[in-house]
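Predicted model, so just to flag it, every value in this text is computed and none were measured. So you know, we letter chains A, B, ... as the sequences are listed, proteins then strands, and number each from 1.
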Amino acid sequence: MTRWISCACGLIAMTWITAGPAVAHHSFGAEYDVNKPVTITGVVTEIDWRSPHTFFFVDVTGTDGKVANWKFEGYPPTVLNRLGWKKDQTMKPGDRITVTGWRARDGSNWAHSREITLTDGRKLMFGPPAGTGDGGSAPAVDVR
Amino acid sequence: MTRRVIVALMVLSLIPASAFAQAGSAVPRGPDGKPDLTGVWQGGSTLRGSWDDANSGFGVGGSGKNPDAPPVVGSNERPAGREGAPYQEWAAKKVLESFNKRAIDDPTALCLPPGVPRSVMLGLFPQKIVQTPKEIVVLYEYMHTFRMIPLNAKHPDDVLASYMGDSVGHWEGDTLVVDVIGFNDKTWLAGTGTFHSEALHITERYTRVDRDRINYEVTMDDPKVFTKPWAVTSSLMLREGTRVQEYVCAENNLDPANFEKLLKAGAQISR
């Protein structure tokens with residue numbers, strides 16, 4: 001109860017008082033389509049821990065038995081570190097995972113990641129929410 | 001008696017944990033008696049506690065342990081309730097263009113330094129303040145930038161235009177007042193497209209109101225683009241135990257090439 005109230009107060013305060021955190025260095029909306037959510041399960045083939053964004057690759061076996069390699073983008077290493085990720089430990093090539101996100105505008109096997117369900121069932125965030133960094137719902141100026 | 005205890009406990013359970021943090025949280029002070037701002041801070045947050053405490057659930061970018069939590073408003077977004085930035089009519093159109101292009105022209109997409117006050121109000125990356133009696137240094141993880149703020153000093157006569165500007169500070173009571181000039185015109189201030197000219201003059205006021213919180217008030221003045229100075233308030237929250245680490249944006253920045261490729265392919269990016 002206490003925690004709930006504390007959270008609710010914090011939420012209201014954050015919504016109304018602060019100019020809150022910026023969450024990415026580039027526009028989500030320029031590259032990804034919020035109307036194309038995707039959830040896939042597959043085997044991790046590679047994780048590229050680099051700034052400004054970490055990428056990982058997943059082999060996904062289709063119903064026809066064919067394997068497609070998907071690319072997912074996410075937070076930079078320092079942000080992942082603060083979210084509880086440990087390089088070469090939390091997720092490794094060969095791990096079977098489920099990832100949710102949104103597909104790139106070009107329709108290729110490329111997506112923006114949000115949540116990963118690890119082999120042991122733990123869920124961790126790998127990328128920011130849809131719409132991050134593309135300007136929000138209202139411009140900084142009043143539209144006349 | 002037992003009943004009174006139970007009632008007291010029930011009342012206590014309704015008080016947010018943050019209220020306890022506030023009580024008795026004296027502002028640390030240096031040998032000169034001034035508030036000591038030294039520490040690792042998170043911009044744009046109002047929540048007390050460690051990085052984990054404040055950023056789980058509905059924390060940074062809505063990330064953390066609750067995927068259903070609403071995202072926090074970004075510093076390139078306009079928070080609800082904030083007055084529109086006072087741009088001159090021609091300049092407001094330019095700001096709107098960037099918004100309609102979904103911030104594809106954000107200078108930080110090229111890994112350029114975010115400038116002031118954007119660097120201060122960022123929440124995804126921590127910043128470290130190191131205070132000495134004569135100079136205050138701020139180290140920003142995002143884009144790996146820094147600011148040096150000599151106290152009771154004058155701006156040099158030969159300031160070169162830069163992304164982060166030239167800062168000098170002084171104390172007004174318990175408030176650190178920082179005067180910043182010498183900007184180039186290549187950064188955004190506090191929201192998508194919020195450009196400025198080299199005439200930008202910023203005044204920041206940092207007030208450590210208790211152990212956990214610095215109130216941040218910034219006034220941006222630029223007669224070439226604004227009709228009047230633009231004032232924004234935010235806060236910095238202490239994040240003990242958090243490290244400022246290395247962030248080298250240019251290491252593998254694929255975004256500008258992706259933007260170009262998608263536009264060439266005819267992707268409908270504009271709102």
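- Only the side chain of R271(B) has a heavy atom closer than 4.5 Å to any heavy atom of chain A.
- Within 6.0 Å of NZ in K128(B) there are 12 or fewer heavy atoms belonging to other residues, nucleotides or ligands.
- Between the side chain of S27(A) and the main chain of R102(B), a donor-acceptor pair closer than 3.5 Å is present.
- A pairwise comparison of heavy atoms in C249(B) and P52(A) identifies O-CD, 3.0 Å as the closest pair.
- Checked by atom type and distance alone, the side chain of E251(B) never pairs as donor or acceptor with a backbone atom of R50(A) at under 3.5 Å.
- Your options are P126(B), S98(B), P114(B), G193(B), and the one with the most heavy-atom pairs under 4.5 Å with chain A is P126(B).
- By the neighbour-count criterion of 12 heavy atoms within 6.0 Å, atom NZ of K261(B) is sparsely surrounded, having that number or fewer from other residues, nucleotides or ligands.
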Check against salt bridge (Lys or Arg N to Asp or Glu O under 4.0 Å), R82(A) and E141(B)
CA-CA 13 Å; R82(A) 283 189 289 274; E141(B) 181 175 293; 2.8 Å; yes
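- Within the 4.5 angstrom heavy-atom criterion, only side-chain atoms of F55(A), from C-beta onward, approach chain B.
- Summarising the geometry, atom CG belonging to N81(A) is positioned 10.0 Å from atom OG1 belonging to T242(B); distances are rounded to the nearest 0.5 Å.
- Nearest approach of A140(A) to V95(B), heavy atoms of both residues: CB-CG1, 4.3 Å.
- Between atom CG of residue D255(B) and atom NE2 of residue H53(A) there is a gap of 4.5 Å, rounded to the nearest 0.5 Å.
- Of all residues spanning residues 263-270 of chain B, those with a heavy atom less than 4.5 Å away from chain A's heavy atoms are A267(B), Q268(B), I269(B), arranged by number.
- E260(B) CD: 12 or fewer foreign heavy atoms inside a 6.0 Å radius.
- Considering only heavy atoms from C-beta on, Y247(B) stays 4.5 Å or farther from V79(A) through its side chain.
- The line from CZ of R243(B) to OG1 of T78(A) is 10.0 Å long, rounded to the nearest 0.5 Å.
- Here CD of E31(A) is found 4.5 Å from CG of N258(B). Values are rounded to the nearest 0.5 Å.
- Within the 4.5 angstrom heavy-atom criterion, no atom of D33(A) approaches chain B.
- In terms of heavy atoms, V248(B) sits closest to S51(A) at O-CB, 3.2 Å.
- Between E73(A) and L254(B), every side-chain heavy-atom pair lies at or beyond the 4.5 Å cut-off.
- Side-chain contact check for D134(A) versus F99(B): every heavy-atom pair is 4.5 Å or farther apart.
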